[in-house]
2 protein chains.
Amino acid sequence: MKSKFPAPTPGRSGPRPGQSATLRMVAREAGVSASTVSRIINGTVKVSDGLKRSVEAAIAKFGFRPNAAARGLALGKTSTIGVVAQAIDSPFYGEGLRGIETGLRQRGYAPLIMSGNWRIEDEERCVQELIARGVDGIIVFAGRLSDAKLKGYAKSVPIVVTGRRLRAPRLLSMQIEDAKGSMLAVRHLLDLGHRQIAFITGSENHPDAIERLRGYTQALVEGGIDFNPNLVAVGDWHEEGGVRATLELLDSKSRFTALFCVNDQTAYGACLALYRKGLSVPHDVSVIGFDDLPSSTYRLPPLTSVRQSIGELGERSAQGILELIAGRRPRIAAPDVELMVRESTGRCPGS
Amino acid sequence: MKSKFPAPTPGRSGPRPGQSATLRMVAREAGVSASTVSRIINGTVKVSDGLKRSVEAAIAKFGFRPNAAARGLALGKTSTIGVVAQAIDSPFYGEGLRGIETGLRQRGYAPLIMSGNWRIEDEERCVQELIARGVDGIIVFAGRLSDAKLKGYAKSVPIVVTGRRLRAPRLLSMQIEDAKGSMLAVRHLLDLGHRQIAFITGSENHPDAIERLRGYTQALVEGGIDFNPNLVAVGDWHEEGGVRATLELLDSKSRFTALFCVNDQTAYGACLALYRKGLSVPHDVSVIGFDDLPSSTYRLPPLTSVRQSIGELGERSAQGILELIAGRRPRIAAPDVELMVRESTGRCPGS
DNA sequence: CCGGTTTCTGAAACCGGTTGCAGGATCATA
DNA sequence: TATGATCCTGCAACCGGTTTCAGAAACCGG
């Protein structure tokens, strides 16, 4: 009953030259059964010292590493966490992914990253693909997927989602304090004597953008200033949108001495546009961003920004998903926002 | 002979609420055998129309997606490509990873990304871990691992490595034309009348840094200028190193009117340091970077840089690894370097 | 109307680890 | 020394797909 079954010949590549060793090969080499080797590797039970030594020798000899697919199949887990990002190449996501990787690595998990490209259907495809790949959990980093869908998916796999507030079993959401961050920024500008403060938002219907706009208006009102819709322009979260929106603002009749941008990349664009128009930051216009990307420290001038430590958020997401997997109900919140004052903001010219 | 074997109870989580359907469940529902369902899904053989329809109905009903671990085990492949990056959060790698993901996605592969953190031992751990996870191939994006090790690993799995030239079976290397890029940059500066051109390198023993330095000296020599070691400073590939190195250069007695940096991030730091010292770019000093990161277009002033389309490099790496997996010997080279002239370079003040 | 194809379909082996159960060896106790 | 408790280890079932082989059904021409 050994091998009536002919070699399966997977694909056309044939048996690999360096074909990795199997558990049974190690077992045969060490003169024990596969179960014993497995138990030694996982430390499931104690085995006699002699055996242990010889098995370890055999493992070393073959350079054996248990096949993850087989192990995953048997255990029903893959030690892999799916991550849905939106654009793997944006500095924002880069930092978050680093945090996630760091958080997962130390527990023996690895991230399987996919990009949603800000498209709801791409995102959905990602989630399904990840589930099919049997990830043990999914982290949705700032997605667009509907709450209902997310809850539904949470039935088949634990989910951590950032950027919204949502309660469901086996799901953890972490909301950045967008409004609070905006208020910090605007208050800082008010303190500097600015009264005409413009705002460049992201895509108009994006929840984060909406919240940040809300914080902006609220802080203005608290400062006794009327909200002026002409001082709000629409960007696209990227530098390009920042340039465009800033030019629009400058072309409109409304004057402003300070500019608060929905994120740092938008602020970068804004600074460039101001520079093109011969305006100096912060002399003529103060500029504040949101996110505090690492490179903001090195802008000219260094950009004042609302810090929301994305890296930390990533690490916490990782921690959260692992807790969920362990069956616990984690109570983890996003890190606090905080204003990093640098050189792109200064006293209002006239004041 | 149904189930004398008690439920294995994987972990403590028990059977999941939304436990995904299995092939046999679908088969039972459709009144056929598992083999038939498998064949229909993979299109291995033709089946009668009626069966096909009812099986598809059953699949849809359960929302069935074949378990990737099981499939991987049976097929001996995982449709996953391991990627060893160095720092997932650097803009450089971000762009490369996007390219890789794009290239893989369309062929049904997904990247499993790990960070080597520029440490050779981390990198090695990554590669081993990836192999254990049964990836079908590995892309090493600008690594430090020795050529010999790499060749060794290539015996167990196809490898694409960027940033060096190396020939081995089942291995494809793609070398960026570092020296050529440097020469483009320096020649541009020479054309603008600069004669004192400084250079900030990366970590001193890094192959890319060495090559870029070589291109720099060669272009100088061709321009009839002696190489002056006092005009070379050491950075760390990051903004911080650029700042430090620039300050060192300024403090030294050697004057310079142009500054070529080993990469864009270093150039960002250099610009900041110049700004701090009251020097204007490009009025007092011209600055050129290398990589042409997306954000370089939006620097103040927009940075002149040697473009080496990392995204394209990533896509080609993806294409290369898939070719290797298919058993072919791809002939793919890195994209050409090209100088993007922007506003951080201008005519030499005195000329 | 029958033997020979051709086409489908199902049973079962297999991928490579994990683990419940049971049997043998070892040890302690009466 | 007999006997029950404790340890250790091997057998074999199982995870969930894939694939070979063989048998059944449908189709062919003679």
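In the text below, chain A, chain B and the rest are named by the order of the sequence lines, each starting its count at 1.
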Check: Once you round it to whole Å, what is the distance between P of dG17(C) and CZ of R28(A)?
Finding: 13 Å
Item checked: N or O in side chain of N67(B) less than 4.0 angstrom from dC15(D) OP1/OP2 -> no
Margin query: Against F141(A), only a single residue in V161(A), I310(A), L97(A), V160(A) fulfils side-chain contact (heavy atoms from CB on, under 4.5 Å); can you say which?
Written below: I310(A)
Checklist line | Ion pair check, E124(B) and K149(B), cut-off under 4.0 Å | finding: yes
Notebook entry, point to check: With side chains defined as the heavy atoms from C-beta onward, is the minimum distance between I138(A) and V84(A) less than 4.5 Å?
Noted result: yes
Margin query: Would you say R133(B) and T78(A) are linked by a side-chain donor-acceptor pair, where the criterion is simply a distance under 3.5 Å?
Written below: no
Check: For K52(B), which residues count as a side chain to side chain contact (heavy atoms under 4.5 Å, CB included) partner, sequence neighbours excluded?
Finding: I40(B), V47(B), E56(B)
Margin query: Please report the distance, rounded to the nearest Å, between CG in D49(B) and P in dC8(C).
Written below: 11 Å
Notebook entry, point to check: How long is the line joining CD1 of I41(B) and C1' of dT18(D), in whole Å?
Noted result: 11 Å
Margin query: Can you tell whether the side chains of D147(B) and K151(B) come within less than 4.0 Å, N to carboxylate O?
Written below: no
Next item on the list: Find the distance I59(A):CD1 to dG17(C):P and express it as a whole number of Å.
Entry: 11 Å
Check: Tell me: CG of L75(A) to C1' of dC15(D), nearest whole Å?
Finding: 10 Å
Notebook entry, point to check: If you write DNA chain D from 5' to 3' in dot-bracket form, with Watson-Crick or G-U pairs under 3.5 Å, [ ] for crossing pairs and | for pairs with another strand, what do you get?
Noted result: ||||||||||||||||||||||||||||||
Note to self: If we count only N and O atoms by modelled type, under 3.5 Å, do the side chains of N117(B) and R98(A) hold a donor and an acceptor together?
What the structure shows: no
Item checked: Touch class at under 4.0 angstrom, heavy-atom based, for T22(B) against every strand present -> sugar-phosphate
Notebook entry, point to check: Which residue, R170(B), R328(B), R329(B), forms the salt bridge (Lys or Arg N to Asp or Glu O under 4.0 Å) with E323(B)?
Noted result: R328(B)
Please list, pair by pair, any protein nitrogen or oxygen found under 3.5 Å from a nitrogen or oxygen in nucleotides 7-11 of chain D.
unit_1	atom_1	unit_2	atom_2	d
dT9(D)	OP1	S48(A)	OG	3.0
dT9(D)	OP2	S48(A)	N	3.4
dG10(D)	OP2	S33(A)	N	3.0
dG10(D)	OP2	S33(A)	OG	3.1
dG10(D)	OP2	T36(A)	OG1	2.5
dG10(D)	N7	R39(A)	NH2	2.8
dG10(D)	O6	R39(A)	NH1	3.3
dG10(D)	O6	R39(A)	NH2	3.0
dC11(D)	N4	S35(A)	OG	2.9

Notebook entry, point to check: In whole Å, what is the span from the CD1 atom of I40(A) to the P atom of dT18(C)?
Noted result: 12 Å
Item checked: Gap between atoms CZ and P, on R65(A) and dG17(C) respectively (whole Å) -> 12 Å
Check: dA13(C) P sits how many Å from L73(B) CG, rounded?
Finding: 17 Å
Margin query: Does dG16(C) have its OP1 or OP2 closer than 4.0 Å to a side-chain nitrogen or oxygen of R71(A)?
Written below: no
Check: Do the side-chain N and O atoms of Y109(A) and E101(A) include a donor-acceptor pair separated by under 3.5 angstrom?
Finding: no
